[in-house]
Asks: 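Structure in structure tokens, see below.
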Amino acid sequence: MISATSVVQSLLSGMAEGVNYSLYCLGLAFVFGIVRIINLAHGEFLVLGGYIAYWLLVKWGVNPLLALPLAAAMAGVAAFVSYRVFLQRIRTSSELNTLILTFGLGIFLANLYLQLWTADIRNIGVDWMEQPLSFFGIYVSVGEILTILISLAVVFGLYFFLTRSRTGMAIRVTAIDRDAAALAGINVERVDLVAFTIGGLLAGVGGPLLGMLAHISPGAGLHITVKAFILTVLAGVGSIPGLLVAGMILGVGEALTVTFINASYRELFGFALFIAILVIRPSGLFGRRL
Amino acid sequence: MKSRTNGEGLRDKVAGANPAPVTIAPMTQPATGATLLEARDLSKHFGGLRAVASISFRVRQGEIVGVIGPNGAGKTTLFALLSGFLPATSGEVLFEDAPILGLRPDTLCHLGMARTFQVVRPFPEMTVFENVKAAAVFGKQGRRSNQEILSDVEEVLRATGLAPLAGQHPPSLSLPQRKRLEVARALATRPKLLLLDEVLAGLNPKEIQEALPFIRSLNEKHRVTILMIEHNLRAIMGVCQRILVLNFGQLIFDGAPSDAVEDARVIEAYLGGQQHA
């Protein structure tokens with residue numbers, strides 16, 4: 001029987017999951033919105049961050065939370081190198097080229113991970129973070145609370161970076177109108193590189209969190225990329241606060257699907273939502289007109 | 001084909017288009033400053049089309065030079081070449097005696113060259129103030145304190161008459177106001193040379209009357225050299241000290257506006273040639 005508690009429980013877990021979804025897709029949404037590259041290797045950058053945390057944990061016993069900066073940095077380096085070596089050369093031609101190139105990059109990285117870390121599914125949870133806390137019959141783990149806080153901090157951090165800093169302003173202005181930004185004295189090619197690297201950093205932060213809350217495997221990246229793409233479209237390209245809302249909608253929707261229908265329909269919810277949004281509101285919930 | 005009586009010439013077209021005569025202010029003495037911009041044999045081919053065909057000219061410091069020509073004459077292509085938005089097929093462009101072809105638009109901006117777009121392109125999500133600020137932050141002056149930037153922005157807003165509209169968003173502005181914003185943004189980068197691409201297009205005669213003194217003030221008060229494309233002949237006669245006339249990608253006239261209306265080739269380009277009448 002479905003009780004009120006179980007509804008509240010699934011709503012809350014859905015929201016918690018949703019906030020993390022927002023973080024997982026932040027990098028892809030950011031790069032798509034600013035540089036107009038759909039980075040299909042986004043999930044692989046995220047998984048890289050997860051494996052960095054995994055290595056630190058199994059080799060030196062470092063808590064995955066402390067591994068966050070290094071995980072982010074490594075994924076950022078991977079993004080930087082990918083952009084400088086490959087994407088920069090084909091950037092100006094057509095959008096489809098970057099799509100194909102990043103897809104290939106993703107396949108390469110996934111297979112590299114397979115060589116380095118085997119096909120085993122890894123969880124990097126730490127015991128004390130999996131302790132459940134109970135509030136009025138609703139269960140939350142310490143890890144969930146921490147990851148929500150981290151996700152929120154990163155989303156708002158990015159928001160403030162974009163609205164307050166000089167580089168953030170250059171990025172925003174370039175996203176609105178490249179040519180006009182260049183006329184105002186902004187090196188738009190540098191902005192592309194910086195934005196793509198930031199996209200990598202953001203993905204890298206998500207990796208350890210994914211490893212703690214669920215698990216990582218060499219092939220997990222594509223799944224994340226697809227989810228991130230759904231959320232980006234749902235939020236509307238270029239809307240960062242919209243991502244939080246979109247993440248929550250997806251998270252809660254999935255949780256309710258599991259509670260009321262069947263766990264096997266969980267993934268279906270996201271794709272159904274995706275199609276519905278494309279039909280009803282192609283610019284997304286918070287997107288500007290394109 | 002157009003049929004014209006002999007008495008109807010370009011001068012009539014210039015003077016007779018509107019009953020309210022534009023008062024042509026006495027020209028400031030012809031500029032004799034150093035060469036600021038020079039094009040040498042500049043060409044741009046699109047396949048078999050020679051959009052710009054070995055054009056050479058100079059713009060001296062302090063001048064207001066107009067570029068006119070019929071539709072498709074190559075005016076906007078010329079601007080795109082000068083401002084780094086299109087690569088040239090051949091030729092050279094010098095800005096303050098240094099070659100600038102192939103430089104990125106942002107580098108040109110830092111050297112002191114600014115342009116506006118024919119179709120205004122403000123940042124719609126940002127207020128008028130923020131639009132101008134973006135240009136002031138990343139313009140020629142480099143990194144500065146917030147205080148300096150703010151006072152700079154305020155000065156530009158005052159000079160362009162946009163100060164009362166600082167908090168508005170561009171979509172709520174009228175067309176003349178948006179055109180001013182476009183100029184304000186270019187001005188906020190502190191250019192030595194300003195390329196204006198049809199800033200008067202779409203304005204009514206009254207608005208043009210108000211815009212002309214504004215363009216002159218940019219030149220006189222702010223010491224900005226101006227190269228402007230203009231469709232409106234009367235306006236360009238009223239404000240430019242010298243004009244370049246393009247036709248089919250070629251420069252067919254370079255001289256005083258008053259001489260242009262007497263020039264046979266210019267008349268032919270504009271009126272389709274009296275001999276065919």
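Residue numbers start from 1 in every chain, and the chains themselves are labelled A, B, ... in the order their sequence lines are given, proteins ahead of strands. The structure presented is a predicted model; accordingly, all values stated were derived computationally and were not measured.
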Asks: Counting only heavy atoms not in Phe108(A) (residues, nucleotides, ligands), do more than 12 fall under 6.0 Å from its CZ?
Replies: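 Result for CZ/Phe108(A): open.
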Asks: Determine whether more than 12 heavy atoms belonging to other residues, nucleotides or ligands lie under 6.0 Å from atom CZ of Phe103(A).
Replies: no
Asks: Grab the two heavy atoms, one from Arg166(A) and one from Phe138(B), that are nearest each other, plus how far apart they are.
Replies: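 Shortest heavy-atom separation between Arg166(A) and Phe138(B) comes out as O-CZ, 3.3 Å.
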Asks: State, yes or no, whether a side-chain contact exists between Phe123(B) and Arg172(A) at a heavy-atom distance under 4.5 Å.
Replies: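 A side-chain contact is absent here, since even the closest heavy-atom pair is not under 4.5 Å.
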Asks: Met126(B) vs Val173(A), test: side-chain contact (heavy atoms from CB on, under 4.5 Å). Steps then yes/no.
Replies: CA-CA 9 Å; Met126(B) 305 167 97; Val173(A) 167; 3.8 Å; yes
Asks: Is atom CZ of Arg178(B) surrounded by more than 12 heavy atoms (other residues, nucleotides or ligands) closer than 6.0 Å?
Replies: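 Enclosed: over 12 neighbouring heavy atoms sit under 6.0 Å from CZ of Arg178(B).
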Asks: I'd like to verify something: which residue of Val188(A), Asn187(A), Asp177(A) has the highest number of heavy-atom pairs under 4.5 Å with chain B?
Replies: Asn187(A)
Asks: So what's closer than 4.5 Å to chain A heavy atoms on Arg121(B): side chain, backbone, both or neither?
Replies: both
Asks: Which atom names give the shortest non-hydrogen contact between Ala184(A) and Cys109(B), and what distance separates them?
Replies: C-SG, 3.7 Å
Asks: Around atom CZ of Phe129(B), are there more than 12 heavy atoms of other residues, nucleotides or ligands at under 6.0 Å?
Replies: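 Above 12, so yes.
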Asks: Who among Arg185(B), Met113(B), Glu182(B), Arg115(B) has the most heavy-atom pairs with chain A under 4.5 Å?
Replies: Arg115(B)
Asks: What residues form a salt bridge (Lys or Arg N to Asp or Glu O under 4.0 Å) with Lys192(B), not counting sequence neighbours?
Replies: Glu96(B)
Asks: Nearest heavy-atom pair of Asp106(B) and Gly185(A): which atoms, and what distance?
Replies: CB-C, 3.5 Å
Asks: What is the distance from atom CG of Leu195(B) to atom CG of Leu183(A), rounded to the nearest 0.5 Å?
Replies: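 It comes to 9.5 Å.
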Asks: I need the minimum non-hydrogen distance between Met169(A) and Lys133(B), along with the two atoms involved.
Replies: CE-C, 4.1 Å
Asks: State whether the number of non-hydrogen atoms from other residues, nucleotides or ligands found under 6.0 Å of Phe161(A) atom CZ is greater than 12.
Replies: yes
Asks: Provide the full list of ring-ring contact (aromatic ring centres under 6.0 Å, His included) pairs with a residue in residues 177-199 of chain A, sequence neighbours left out, each pair given once.
Replies: Tyr83(A)-Phe196(A)
Asks: Could you look at Ala134(B) and say if it's the side chain, the backbone, both or neither that has a heavy atom under 4.5 Å from chain A?
Replies: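 For Ala134(B), heavy atoms of backbone and side chain both lie under 4.5 Å from chain A.
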Asks: Is it true that atom CZ of Phe85(B) has more than 12 heavy atoms of other residues, nucleotides or ligands lying nearer than 6.0 Å?
Replies: yes
